[in-house]
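Working notes, beginning with the structure itself.
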Amino acid sequence: MFPTPIEKVSAPTRALYKAGLPVSLLLWLLPIIAVALTSIRGQGDIASGNYWGWPTQWQIVENYTAVFRNTPILRYIGNSFLVTIPTVIGAVALACLAGFALGVYRFKMNLVVFFLFVGGNFVPFQILMVPVRDMSLRLGLYDSITGLVLFHVAFQTGFCTFFMRNFIRDLPMELIEAARIEGASEVQIFWRVVLPLVRPALAALSVLVFTFIWNDYFWATVLIQGDHAMPVTGGLKSLNGIWVAQWHLVSAGSIVAALPPVLVFFLMQKQFIAGLTLGATKG
């Protein structure tokens, strides 16, 4: 079995694992800890170069109040929800339909179509910046929430289809055949047989896509220009002043912007784990 369970490896390896795990965890959390500390320190600490030390000025309430009072972060958060929720619904819905077709039906071009969905995930999205921006201008979708949603749905559908196709393909085909014998239509099979069985996978995929879209910065700055449609990830850069870098406000805004995906994960934690482990064991 690979990887070998930690209980079955040699004693030196277990000792190295126990020693290395806290160090790795600390290195991973270090940037988050730095942002959290910066969000509650005063401007004087930052000006004096006290980036990693213990704050000498505690401005917890002041910094977080200033973020909501002096910046349009609530509008940015609202825009993020307007972009993320329709994208999750659209990408997951299309992926369920495509995954059902690729996972249940057997036709000559099945693998070719599936590889097209998968292959799109390996294209570096940075090289698509100019053609996507030009296309959005020609279609009249530039600098709009609708355009950002449509492009996110297009880019996320490939990964979502790969995810759903593999889950649907692992379902017992006997259930689908039994439904056909009973006279159920393909739509009824999809709606009443397949979707209830892959509900954990849908929850896991929705959490993943929600996190991907909410944290997107690249396309938010490429396809959006004005504050009326700017998501929170792109809007955070406007929290800095024109002449003075207000990193304490940027850090506080970053913490606020990170809360929705964290809350979504914890609210759907059981479904997320169940979706990722669905089909991991047989019998």
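Being a predicted model, the structure only gives us computed values, none of them experimental.
Around the CE atom of Met173, the shell of radius 6.0 Å holds more than 12 heavy atoms that belong to other residues, nucleotides or ligands. Residue Tyr17 places its OH atom among 12 or fewer non-hydrogen atoms of other residues, nucleotides or ligands, all under 6.0 Å distant. In this structure, Trp58 places its CH2 atom where more than 12 heavy-atom neighbours from other residues, nucleotides or ligands lie under 6.0 Å away.
Annotation: ring-ring contact (aromatic ring centres under 6.0 Å, His included) contacts involving residues 86-113, sequence neighbours excluded, comprise Phe100-Tyr105, Phe100-Phe190. The side chain to side chain donor-acceptor pair (under 3.5 Å) analysis of residues 171-183, with sequence neighbours excluded, yields the pairs Glu177-Arg180, Arg180-Glu186. Within the structure, side chain to side chain donor-acceptor pair (under 3.5 Å) contacts touching residues 137-150 (residues at least two apart or in different chains) do not occur. Listed by first then second residue, pairs satisfying side chain to side chain donor-acceptor pair (under 3.5 Å) with a partner in residues 248-268 read Gln43-His248, not counting sequence neighbours.
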Side chains of residues 147-163: which donor-acceptor pairs under 3.5 Å do they make with residues two or more places apart or in other chains?
residue : atom : partner : partner atom : Å
Thr157  : OG1  : Val153  : O            : 2.4
Thr161  : OG1  : Thr157  : O            : 2.7

Quick one: side chains of residues 27-40, donor-acceptor pairs under 3.5 Å with protein atoms, not counting sequence neighbours, listed by atom name and distance.
residue : atom : partner : partner atom : Å
Thr38   : OG1  : Ala34   : O            : 2.7
Ser39   : OG   : Ala36   : O            : 2.6
Ser39   : OG   : Tyr64   : OH           : 2.9

Can you give me every donor-acceptor pair (side chain of residues 69-78, partner residue at least two apart or in another chain, under 3.5 Å) with its distance?
residue : atom : partner : partner atom : Å
Thr71   : OG1  : Val67   : O            : 2.1
Tyr76   : OH   : Asp227  : OD1          : 3.0
Tyr76   : OH   : Asp227  : OD2          : 3.4
Tyr76   : OH   : Ser238  : OG           : 3.1

Would you tabulate the side-chain donor-acceptor contacts of residues 201-213 under 3.5 Å, counting partners in other chains and residues two or more places apart, or write 'none'?
residue : atom : partner : partner atom : Å
Ser206  : OG   : Leu202  : O            : 2.7
Thr211  : OG1  : Val207  : O            : 2.9

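Every residue two or more places apart in sequence or in another chain was checked for a salt bridge (charged side-chain N to carboxylate O under 4.0 Å, His left out) with Glu62, and none qualifies. Residues satisfying the ring pair (Phe, Tyr, Trp, His ring centres under 6.0 Å) test with Phe81, not counting sequence neighbours, are Trp214. For Asp45, the salt bridge (charged side-chain N to carboxylate O under 4.0 Å, His left out) partners are Arg41, not counting sequence neighbours.
Lys237 places a side-chain N or O within donor-acceptor distance of the main-chain N or O of Gly234, the cut-off being under 3.5 Å. When atom types are taken as modelled, the side chain of Asn63 and the backbone of Gln59 share a donor-acceptor pair closer than 3.5 angstrom.
Phe114 carries Arg165 over the face of its six-membered ring, with the cationic atom under 6.0 Å from the centre and within 45° of the normal.
Within the model, atoms CG of Leu141 and CZ of Arg133 stand 13.5 Å from one another, a figure rounded to the nearest 0.5 Å. For the atom pair CZ (Arg169) and CG (Leu102), the distance works out to 9.0 Å, reported to the nearest 0.5 Å. Atom CE in Met230 sits 10.0 Å away from atom OG in Ser80 (nearest 0.5 Å). One finds the CD1 atom of Ile145 at 12.5 Å from the CG atom of Leu223 (value rounded to the nearest 0.5 Å).
At a threshold of 4.5 Å between side-chain heavy atoms, the hydrophobic network of Ile, Leu, Val, Met, Phe, Trp and Tyr places Phe266 and Leu259 in two separate groups. One hydrophobic cluster, built from ILVMFWY side chains closer than 4.5 Å, holds both Phe265 and Met268. Linking Ile, Leu, Val, Met, Phe, Trp and Tyr whenever their side-chain heavy atoms come within less than 4.5 Å puts Leu111 and Val104 in one cluster. Both Ile255 and Phe68 are assigned to one and the same hydrophobic cluster, defined by single-linkage of ILVMFWY side chains at heavy-atom distances under 4.5 Å. Note: the hydrophobic cluster containing Tyr217 does not contain Leu249 (ILVMFWY, side chain heavy atoms under 4.5 Å, direct or indirect links).
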(message) Set out, in order, the CA-CA distance, both residues' side-chain angles and the distance that settles side chain to side chain contact (heavy atoms under 4.5 Å, CB included) for Ile176 and Leu171, then state yes or no.
(response) CA-CA 9 Å; Ile176 296 176; Leu171 295 178; 5.5 Å; no

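Across every non-hydrogen atom of Asn110 and Ala101, the tightest pair is ND2-O, 4.3 Å. Of all the heavy atoms in Gln126 and Phe218, the pair that sits closest is CA-CZ, 4.0 Å. Residues Gly99 and Ile168 share a closest heavy-atom pair of C-CD1, 3.7 Å. When all heavy atoms of Ala220 and Asp216 are compared, the closest pair comes out as N-OD2, 3.2 Å. Listed here is the closest heavy atom pair of Gln57 and Gly44: OE1-N, 3.4 Å.
Listed by chain and number, the hydrophobic cluster partners of Leu16 come to none, as no ILVMFWY side chain reaches under 4.5 Å of it.
Checked by atom type, the side-chain pair Thr87/Thr84 shows no donor-acceptor distance below 3.5 Å.
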